[in-house]
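In each ligand, atom 1 is the first atom listed, and ligand 1 is the first ligand listed.
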Amino acid sequence: MELRRLTPGFGAEVLSPDPDPAELRAALIEHKVLLLRAPDLTPEGHMALGRSIGEIEVHAFFPNLGAGYEQVSVLDSENGDTASMWHTDETFLPHPPLGTLTRALVMPAVGGDTLFADTAAAYEALSPAMKRYLDGLEAWHDLAKIAQLRHRFGGSDAGALADAIRAERRTRHRVARVHPETGATCIYVNPTYTTWIDGIAPDESDLILRHLLGHVTKEQFTYRHRWQVGDLLIWDNRATQHMVLNDFTGRRLMHRVSVLGRVQD
Ligand SMILES: O=C(O)CCC(=O)C(=O)O
């Protein structure tokens with residue numbers, strides 16, 4: 001399979017027109033973010049590509065195409081669905097998706113890029129003292145955190161916030177989490193869902209999280225994708241974070257399919 005690197009550290013464009021699924025999966029694990037130009041991909045094809053990587057999920061909260069296409073989520077800026085804060089997908093789940101395949105259907109004339117960060121490279125660059133500190137620590141990830149932010153900035157009413165808190169969609173993950181397929185340790189906290197480090201005093205937990213979140217997203221660990229309509233990006237959620245730049249006017253419409261993680265993912 002022919003590939004072209006997107007940055008020296010991570011990310012690759014797949015140049016071969018019909019990549020073999022096993023080779024594609026191996027390339028995803030190695031490069032963490034893959035770009036495919038797929039202008040003619042149908043929702044069926046999108047789901048089939050997801051299934052070639054693993055079992056595909058119905059997303060916890062994004063709307064979807066429905067009627068047999070429930071696993072194709074729709075992120076439409078006209079409905080306010082622009083994921084503009086750094087995150088790894090659905091980390092409030094005990095077994096978050098291992099990967100996501102997102103395709104651009106409508107893009108604004110300019111802007112709406114997606115940024116990615118390599119969380120394994122970011123872990124590697126931590127000091128030995130910080131690595132020792134993080135060893136064995138777990139952090140809470142809570143869907144209610146994003147509901148609270150939405151409420152705070154006027155996007156939802158108090159009832160929606162109360163529902164999200166009552167739903168108790170939260171779990172704990174290792175802060176420094178070992179990738180089950182590469183064995184690399186990755187920083188696994190994000191500002192969208194991570195609330196605090198378990199067992200650590202609030203001020204210390206806030207300080208450490210702030211440091212880690214700033215560290216992961218330093219320029220040297222990032223790739224910025226300028227979308228063309230028809231681009232399909234596949235990312236490994238166990239080794240990356242991402243966010244959309246909400247700097248655009250006009251419509252931005254994406255279809256996405258996520259692949260379920262296994263217990264150890
Ligand atoms: O719209 C994008 O570029 C990325 C969407 C996103 O953040 C997600 O699917 O989790």
Side-chain angles (χ1 to χ4, degrees), residues 6 11 13 28 32-38 41 43 46-47 49-50 53-54 56-65 69-93 95-119 141-143 145-147 149-150 155 169 188-194 213 216-217 222-261 265:
L6 296 172
E13 178 174 358
L28 175 64
K32 304 171 187 175
V33 177
L34 295 180
L35 163 63
L36 287 84
R37 310 287 182 184
L41 193 72
H46 197 164
M47 291 197 296
L49 200 58
I53 298 173
I56 60 178
E57 68 150 11
V58 177
H59 192 274
F61 58 84
F62 285 135
N64 61 58
L65 288 181
Y69 299 95
E70 288 82 0
Q71 291 99 338
V72 182
S73 313
V74 178
L75 276 75
D76 190 342
S77 61
E78 289 192 343
N79 296 333
D81 286 326
T82 304
S84 57
M85 192 185 283
W86 283 103
H87 64 285
T88 298
D89 293 330
E90 296 177 282
T91 58
F92 52 86
L93 298 173
H95 312 302
L98 70 86
T100 299
L101 305 86
T102 293
R103 184 163 169 271
L105 281 91
V106 177
M107 287 303 290
V110 65
D113 298 349
T114 303
L115 308 182
F116 290 87
D118 178 342
T119 56
H141 298 245
D142 194 335
L143 179 59
K145 184 173 183 195
I146 185 76
L149 288 169
R150 230 177 249 146
R169 305 209 68 179
Y188 200 69
V189 289
N190 66 80
T192 297
Y193 301 121
T194 311
L213 301 172
V216 168
T217 56
T222 63
Y223 164 66
R224 174 172 178 165
H225 187 65
R226 292 196 172 82
W227 294 88
Q228 292 173 24
V229 168
D231 282 0
L232 176 80
L233 284 185
I234 312 178
W235 58 82
D236 184 338
N237 270 308
R238 301 159 301 180
T240 59
Q241 291 194 20
H242 57 279
M243 66 164 279
V244 178
L245 272 179
N246 197 0
D247 59 353
F248 58 92
T249 50
R251 192 176 187 198
R252 184 181 188 280
L253 173 66
M254 319 296 276
H255 281 179
R256 79 194 281 296
V257 169
S258 280
V259 179
L260 283 171
D265 287 341

Inset, instruction - Using a 4.0 Å heavy-atom threshold (strictly under), name the region of M243 that reaches ligand 1: side chain, backbone, both or neither. - result: neither
Legend entry - Residues D231 and R37 bridged, charged N to O under 4.0 Å: yes
Legend entry - Among N79, L105, L65, the one residue meeting side chain to side chain contact (heavy atoms under 4.5 Å, CB included) with V74: L65
Inset, instruction - Heavy-atom contacts with A83 under 4.0 Å: which atoms of ligand 1 show up? List them by number with element. - result: 6 (C), 7 (O)
Inset, instruction - Establish, from distance only, whether the side-chain atoms of T82 and N246 form a donor-acceptor pair under 3.5 Å. - result: no
Legend entry - Closest approach of any protein heavy atom to atom 9 (O) of ligand 1, naming residue and atom: R256 NE, 2.4 Å
Inset, instruction - Determine whether any heavy atom of H87 lies closer than 4.0 Å to an atom of ligand 1. - result: yes
Inset, instruction - Tell me, please: is R252 in heavy-atom contact with ligand 1, that is, under 4.0 Å? - result: yes
Inset, instruction - Mind running ring-ring contact (aromatic ring centres under 6.0 Å, His included) on H141 and F92 for me, showing each step along the way? - result: CA-CA 5 Å; H141 298 245; F92 52 86; 9.3 Å; no
Legend entry - Residue part near ligand 1, for L75, under 4.0 Å between non-hydrogen atoms: side chain
Legend entry - Minimal non-hydrogen separation, F116 against L233, with atom names: CE1-CD1, 3.5 Å
Inset, instruction - Establish, from distance only, whether the side-chain atoms of R256 and S258 form a donor-acceptor pair under 3.5 Å. - result: yes
Legend entry - Protein heavy-atom partner closest to atom 3 (O) of ligand 1 - residue, atom, separation in Å: T114 OG1, 2.6 Å
Inset, instruction - Among all protein heavy atoms, pick the one closest to atom 6 (C) of ligand 1 and tell me residue, atom and distance. - result: H242 NE2, 3.5 Å
Legend entry - Top protein contact for atom 10 (O) of ligand 1, by heavy-atom distance: D89 OD1, 2.6 Å
Legend entry - Protein heavy-atom partner closest to atom 2 (C) of ligand 1 - residue, atom, separation in Å: V244 CG2, 3.3 Å
Legend entry - N/O donor-acceptor pair under 3.5 Å between T88 side chain and T240 backbone: yes
Inset, instruction - Would you mind listing which atoms of ligand 1 come within a distance below 4.0 Å of any non-hydrogen atom of M254? - result: 1 (O), 3 (O)
Inset, instruction - Decide, yes or no, whether a salt bridge links R226 with D113 under the criterion of side-chain N to carboxylate O below 4.0 Å. - result: yes
